[in-house]
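The structure appears right after this line, and notes come after that.
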Amino acid sequence: MDDTDALDAYSRAVSTVAAEVTPHVASVRLSRGSGSAVVFADDGHLVTNAHVVGDGSHGTATYADGTEARFTVVGADPLSDLAVLRASEAPPAARLGDADKLVVGQLVVAIGSPLGLAGSVTAGVVSALGRSLPVRTRSAGRVIENVIQTDAALNPGNSGGALADSAGRVVGVNTAVAGFGLGLAVPVNETTRRIIDTLLVEGRVRRAYLGLVGVPAPLPDEVAEHTGQRAGLRIAEVVRGGPAERAGLRPGDLVLTVGRSRITDAQDIQRQLFAEVIGTRLAITVLRNGAMVDVFATPSELVS
């Protein structure tokens, strides 16, 4: 294959994805801002960024074919930077993928409305996976885990648009411009699908709160051999007066399981901290001074 053939193959891949995904991406305008959104359900629902809608309740969506439709904001979740819209008219839904299956170096295509230019397409690769994006509201903070980093060019207005893989599946929602040549996207995976489903039904996401900060850490060899688990989450900080402190958790503890599920990073805990565990006793196993210790914490509701 010569250079011309390679370029043609790359161009065909990008243009094929653009042709498939662009009809499902809208430019959205609200009274105090604008951005992009992706149709994810055949009943006229779109997903975008929470920071795109802000405090707005309605606006106008414009699709690639020029069709305009009014929409209302169903719900927004600033702590995942996701929001759901319901439009009076919309094309069929885009195909959703699974960002957990992405690999570094994989081709991705970003589609949105940068600087108000609807239907704009840029391409690049997955530059890195597992990035963290700090977000906060007036009274609560959180970290969006496993954010996708890409070198596909993103500009103001791309936020809320689609990041698609080479098969035309939407694997991310573009969320930020971190700097020249650096774009970030909230992954489309099991956790974000759950958030979107909750916004559809309830209009908001209730989260449980433990009050601890940790970093991944390997388990000692003898513990790893005994448990079959290679890593846990080392507690770096316990929030004073929070559920974790009341349960007796301490900095230095190595969290092995929460709710009997293995923990290797912060996302493993965050994916459990939804409404159903608020006020319930949650079993937590930690390694402390070489011994495994069981404690029971009662998560409270995270007030945002």
Side-chain angles (χ1 to χ4, degrees), residues 21 23-64 67-99 111-113 118 133 135-140 142 144 157-164 169-176 185-208 270-271 273-276 278 301-304:
V21 179
H24 311 287
V25 179
S27 173
V28 295
R29 300 189 307 278
L30 298 96
S31 59
R32 293 189 178 180
S34 63
S36 306
V38 183
V39 182
F40 71 89
D42 289 333
D43 57 1
H45 284 99
L46 299 89
V47 63
T48 185
N49 289 144
H51 78 259
V52 169
V53 302
D55 295 328
S57 61
H58 61 275
T60 303
T62 304
Y63 304 105
T67 301
E68 290 193 356
R70 298 288 294 171
F71 68 79
T72 56
V73 178
V74 176
D77 179 42
L79 294 181
S80 65
D81 200 19
L82 293 173
V84 171
L85 317 176
R86 180 185 293 112
S88 59
E89 184 178 349
R95 289 190 298 132
L96 300 184
D98 183 359
I111 301 171
S113 304
L133 178 65
V135 290
R136 67 176 301 107
T137 63
R138 293 183 181 88
S139 57
R142 187 173 180 268
I144 304 175
N158 267 120
S159 288
L163 187 72
R169 296 169 299 209
V170 177
V171 293
V173 179
N174 299 319
T175 192
V186 175
V188 172
N189 56 21
E190 180 182 355
T191 301
T192 51
R193 286 173 185 258
R194 181 176 183 179
I195 291 170
I196 291 169
D197 288 343
T198 302
L199 288 174
L200 274 171
V201 175
E202 301 182 21
R204 69 186 184 105
V205 178
R206 296 178 65 215
R207 285 189 176 82
Q270 288 186 356
R271 65 166 54 101
L273 297 182
F274 285 91
E276 60 268 22
I278 296 172
E301 182 169 0
L302 178 65
V303 179
S304 59

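- Nearest heavy atoms, Ser113 versus Ser27: OG-CB, 3.1 Å.
- Considering every non-hydrogen atom in both Ala61 and Ala26, the closest pair reads CB-CB, 4.1 Å.
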Derivation of the side-chain contact (heavy atoms from CB on, under 4.5 Å) call for Ser159 and Asn49 = CA-CA 6 Å; Ser159 288; Asn49 289 144; 3.3 Å; yes
Which is it for Leu79 and Arg207 under the side-chain contact (heavy atoms from CB on, under 4.5 Å) test, yes or no, and what are the steps along the way?
-> CA-CA 10 Å; Leu79 294 181; Arg207 285 189 176 82; 3.7 Å; yes
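- In this structure, the side chain of Asp197 does not engage the main chain of Leu200 through any donor-acceptor pair within 3.5 Å.
- Using a 4.5 Å heavy-atom cutoff, the side chains of Arg194 and Phe274 are in contact.
- Counted by atom type alone, Arg29 and Ser34 present zero donor-acceptor pairs between their side chains at under 3.5 Å.
- Remark: Leu199 CG to Arg204 CZ distance equals 11.0 Å, nearest 0.5 Å.
- Here the straight-line distance linking atom CG of Leu82 with atom OG1 of Thr175 works out to 7.5 Å at 0.5 Å rounding.
- Note on Asp43 versus Arg86: no salt bridge recorded, every NZ/NE/NH1/NH2 to OD/OE distance being 4.0 Å or above.
- Using a 4.0 Å cut-off between charged nitrogen and carboxylate oxygen, Glu301 and Arg206 count as a salt-bridge pair.
- Remark: Ile196 CD1 to Phe40 CZ distance equals 5.5 Å, nearest 0.5 Å.
- To the nearest 0.5 Å, the span separating OG1 on Thr191 from CZ on Arg271 amounts to 4.5 Å.
- For the pair Val188 and Asp98, the minimum side-chain heavy-atom distance is 4.5 Å or more.
- Under the side chain to side chain contact (heavy atoms under 4.5 Å, CB included) rule, Leu85 has a single partner from Leu30, Thr48, Val47, which is Thr48.
- Pro23 and Ala64 get closest at one heavy-atom pair: CA-CB, 4.3 Å.
- Taking every heavy atom of both residues into account, Ala93 and Ala41 meet most closely at CB-N, 3.4 Å.
- By the 4.5 Å heavy-atom criterion applied to side chains, Tyr63 and Pro91 are counted as neighbours.
- Considering every non-hydrogen atom in both Val53 and Ala83, the closest pair reads CG2-CB, 3.9 Å.
- In this structure, CG in Asn158 is found 10.0 Å from CG in Leu163, a value given to the nearest 0.5 Å.
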Assess whether side chain to side chain donor-acceptor pair (under 3.5 Å) is satisfied between Ser88 and Arg70, documenting all intermediate values.
-> CA-CA 6 Å; Ser88 59; Arg70 298 288 294 171; over 6 Å; no
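- Of all the heavy atoms in Ala37 and Leu46, the pair that sits closest is CB-CD2, 3.8 Å.
- Side-chain contact between Val39 and His45: absent, with no pair of heavy atoms (C-beta onward) separated by less than 4.5 Å.
- Contact annotation: the side chain of Ser80 never approaches that of Gln270 to less than 4.5 Å [non-hydrogen atoms, C-beta and beyond].
- Going from atom CG of Asp81 over to atom CD1 of Ile195 covers 10.5 Å, rounded to the nearest 0.5 Å.
- Checked by atom type and distance alone, the side chain of Thr62 never pairs as donor or acceptor with a backbone atom of Thr67 at under 3.5 Å.
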